Amino acid sequence: METLLSSLRITVATMVLCVGGYTGVVWAIGRAVAPDLAEGSLITAPDGTIVGSRQVAQAFTQPQYFWSRPSAVDYNAAGAGGSNKSPTSRDLTDRAKETVAAYGATPENPLPAELAAASGAGLDPHITERAALYQAERIARARQLPVDRINQLIDRSAFSPGGVLTPDRLVNVLEMNLALDNAAAP
Amino acid sequence: MIQAILFVLLIIGGTALLSWPLGRYMAWAMDPGAGQGKPNVFTSMFQSIGGPATRQTQNWKRYVLSLLGFNAVMFVVCFAILALQQHLPLNPDGRQALEGSLIFNTTSSFVANTNLQHYSGEVAMSYLSQLAALMWLQFVSAAVGLAALAALARGLAGRTLGNVFVDVQRATFLVLLPLALVVAILLLFTGVPMTFQGSAVATTLEGVQQTIARGPVAAFVAIKQLGTNGGGFFGPNSTHPLENPTFWSNVLQTVSIIIIPMGCVWMFGRILGRMKHAAVLFAVMLILMGARITGAIGFEAAPTHAFASLPITQDVGNLEGKELRFGAAAGPVWAVVTTSTSNGSVNAMHDSLNPLTGLMPMIGMWLNEDFGGVGVGMINMFLYIVVGVFIAGMMIGRTPEYLGWRIEAKEVKFAMMGLLSHGFFILVGTAIFAVTPWGAATLNNIGPHGFSEILYEFSSAAANNGSGFEGLGDNTVAWNIATGTVMLLARFIPIILPLAIVGSLSTKRRATESSGTLSVEDGTFAGMLTVTVVIVGALTFFPAATLGPIAEHVMFMK
């Protein structure tokens, strides 16, 4: 009986402090100091509609846009997930064949592996710099721009996520595509 | 390669350094007045919060029964919240009722500090379920582990065990809560959301609607990592860009996985007053973990085999199931760290790891002691110590002793029961599910990899880990009941038996250590302990490993 009573008292105390107090403090700090990040890093268009989240990949299929990495959940940000296929799986080979065809990759111009491999959550917002450069020509053709303009944009946007610890530079696909559209707008 | 080495040094080395002051603090918090039994201001505060039952010192039986009593209350509260979530507030996205066996599995999982998830957070759970049921258990279940370790250490030091209700509050309020607050605030700045608004609906550049789930993630993720819980706010855990947005959030989360388990070793040493012994244990654990990290990074550098025949570059490692922002070494390092401890969060999909890389986390769960879960990792190591000391004693022909306590048949029996139950749950469970539709009908991959999915799931449940080869369709009644039961048994057996051993030791007279005593502070002991862990822990599972990951490697990787 005493055990039950003490257990209940500790339950109440931990609920109040760890669920109520702790959550409240973290929420209040987020709201006060980094409201944009705390709300999910949303990007809004000038008319107020939400275009997406800076941190969440979205589907790009049209030739004038940079394409995101493949997504096993078709970029569903309300039910994310990976393929969970073994790297030896035939299913992965079949899926990669479609990706190879979409990019028109050839043995002379092989597809960067990161564009064939699906990410863990299916929402990876980044591609590598070389994967972006790989797509530059298609985008230039679709937008009737010199390919140098695209390459310059890539070079300006690329960043090292971990400084010296990550040699491969990345670009954010959604931000690059927004930049492309903005440059095209009159 | 040089980046990978620097990355490991930063994470493992940095955390090892930080664990020293943390261990000192934890010893102060969990065991104030070290031995004098003088209540400090916090002790009296926790006694008045907890009521009359907190004022007595408890023998091992009382301590265990009270611990189980508190866990029963934890179970009921969580079960009730999950079962009623559709009627409760803080449910902006209108999450519906959960199925009965899933509620049982999820409640067992979070009570047992496992966080095996047969649901997907952003699909199934209301914000209230996430916070008041699941995140609450992430605090108190970790606190229970820490309390049990403190009691074990006091018992081995020849003192009374203390009071579980006071210990749980010490662990929650003095250790976990302040650390979680710091980590949660840092996570906010890396871009982890913390909002009570429901999903955002976006219209993408190509004009498609995209619903973006979010929520009070930062608070949840901090304690998920620190308490070796591992249950993600979102289904794909820390691979999700809103749960782990940057390279640095990944570093912070990796450090948060191991810092308390590392600190536990130092806390154990301080309560015992045997820091040299703690250093030897720390070194053994570090070596066992380091070996698997090295292996995992090496194996994962091989490119995705499925792309070999296609016009795809083969100069980077396997990227299926991985996020680019964390860097190449982050996936394998996390995979090992999260299974060395009983955390079980992931930053890459373990199902898509190269076959032998996938073996490394499995070995971690089989051993389950370097550094192990919060509190319970060191307790598991204690079981290996008892067995190791016994074997060494037999070899040199002396009565086995540990810290002056004579280890006899009863203690060794208890220790072996604890260690063998682990293998029993994993191997028998795997065998049953591999030959019945319960397991065979739920696989996402064929051949040896399918077997690995079953083996991994039972290893994860029995190690109270919670990670998975997530392709497995595990939200079935059979999986929910089987793993739910295994998680509860595998949680409490290795807490009860060590405390029973201490109870048995405390009835004996403690010998003074002499030059003839087997030292527990030198390299010989470290070697003996390592060998015991590898032989008892790993060889038990070697036949199963050959049927799963090793067979897959031989078949495909040549």
Side-chain angles (χ1 to χ4, degrees), chain A residues 2-3 5-7 9-11 13-14 18-19 23 26-27 29-30 34 37-42 49-53 55-56 58 77-82 84 86-89 92-93 96 100 105-107 110-114 116-117 119-121 123-126 161-162 165-166 170 177, chain B residues 3 7 49-51 53 66 69-70 73 123 131-132 136 139-140 165 172 184 188 191 193-195 200 202-205 210-214 218-219 235-236 239-241 245 247 304-307 310-313 316 318-321 323-325 327 348-349 351 354 444-445 449 470-471 556:
Chain A
E2 276 193 347
T3 301
L5 189 69
S6 284
S7 299
R9 291 171 75 143
I10 292 172
T11 299
T14 47
C18 299
V19 180
T23 316
V26 178
W27 175 79
I29 291 175
L37 296 175
E39 297 291 324
S41 308
L42 301 177
T49 55
I50 301 171
V51 178
S53 164
Q55 290 164 7
V56 176
Q58 44 184 251
N84 287 309
S86 165
T88 64
S89 161
L92 278 194
T93 312
V100 163
T106 57
L111 186 70
E114 54 272 30
S119 66
L123 299 175
D124 192 343
H126 301 114
L165 292 170
T166 47
L170 302 182
N177 285 334
Chain B
Q3 283 90 2
F7 183 77
I49 292 174
S66 303
F70 180 53
V73 170
V123 179
L131 296 175
W136 172 63
F139 275 101
V140 290
F165 296 115
T172 310
L188 272 176
M194 186 69 200
T195 176
T203 310
T204 69
L205 290 188
Q210 188 186 35
T211 305
I212 302 170
R214 48 190 182 156
T239 65
H240 196 296
F247 178 87
T304 315
H305 174 80
F307 301 160
L310 301 172
I312 294 173
T313 57
V316 290
N318 174 26
L319 288 173
E320 183 69 22
E323 307 287 307
L324 296 176
R325 59 192 176 281
M349 286 302 162
D351 217 344
N354 281 330
N444 182 47
N445 286 278
H449 198 84
E470 287 299 339
F556 292 100

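Lettering of chains follows the sequences in order, A, B, ..., and the numbering in each one begins at 1. In this text, all values refer to a predicted model and were calculated from it rather than measured experimentally.
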Is there a donor-acceptor contact under 3.5 Å from the side chain of [X] to the main chain of [Y]?
X	Y	value
B:Asn445	A:Thr88	no
B:Asn354	A:Pro87	no
B:Glu323	A:Ala121	yes
B:Thr313	A:Ala113	yes

Could you walk me through whether A:Val100 and B:Ile312 pass side-chain contact (heavy atoms from CB on, under 4.5 Å), step by step? CA-CA 8 Å; A:Val100 163; B:Ile312 294 173; 3.8 Å; yes
Using a 4.5 Å cut-off on heavy atoms from C-beta on, say whether the side chain of [Y] contacts that of [X].
X	Y	answer
B:Pro241	A:Leu123	yes
B:Leu188	A:Val26	yes
B:Leu205	A:Val51	yes
B:Thr203	A:Ile50	no
B:Phe307	A:Thr93	no
A:Ser86	B:Asp351	no

Please state whether the side chain, the backbone, both or neither of [X] comes within less than 4.5 Å of a heavy atom of chain A.
X	result
B:Asn318	side chain
B:Leu310	side chain
B:Glu470	both
B:Ala348	neither
B:His449	side chain
B:Phe139	side chain

Among [options], which residue has the highest count of heavy-atom pairs closer than 4.5 Å to chain A?
options	result
B:Val123, B:Ile212, B:Leu131	B:Ile212
B:Ala213, B:Pro236, B:Ala200, B:Gly327	B:Pro236
B:Ala306, B:Ala218, B:Gly471, B:Ala53	B:Ala306
B:Gly69, B:Gly191, B:Ala184, B:Pro245	B:Gly191
B:Val140, B:Thr204, B:Val73	B:Thr204
B:Ser66, B:Ala132, B:Gly321	B:Gly321

Below 4.5 Å, heavy-atom pairs only: which of [options] has the largest tally toward chain B?
options	value
A:Ser6, A:Pro110, A:Gly82	A:Ser6
A:Ser89, A:Pro125, A:Gly79, A:Ala34	A:Gly79
A:Glu39, A:Glu2, A:His126	A:Glu39

Rounded to the nearest 0.5 Å, what separation is found between the [atom1] atom of [X] and the [atom2] atom of [Y]?
X	Y	atom1	atom2	result
A:Leu92	B:Glu320	CG	CD	4.5 Å
A:Thr3	B:Phe70	OG1	CZ	12.0 Å
A:Leu170	B:Phe247	CG	CZ	11.0 Å
B:Thr172	A:Ile10	OG1	CD1	8.0 Å
B:Arg325	A:Asp124	CZ	CG	5.5 Å
A:Ser41	B:Arg214	OG	CZ	10.5 Å

Bottom line for A:Ser53: the part with an atom under 4.5 Å from chain B's heavy atoms is both
Which atoms of A:Leu165 approach chain B - backbone, side chain, both or neither, heavy atom under 4.5 Å: both
Test side-chain contact (heavy atoms from CB on, under 4.5 Å) on A:Thr11 and B:Trp136; report intermediate values, then the result. CA-CA 9 Å; A:Thr11 299; B:Trp136 172 63; 3.5 Å; yes
A:Val56 vs B:Gln210, side-chain contact (heavy atoms from CB on, under 4.5 Å): CA-CA, chis, key distance, verdict: CA-CA 10 Å; A:Val56 176; B:Gln210 188 186 35; 3.8 Å; yes
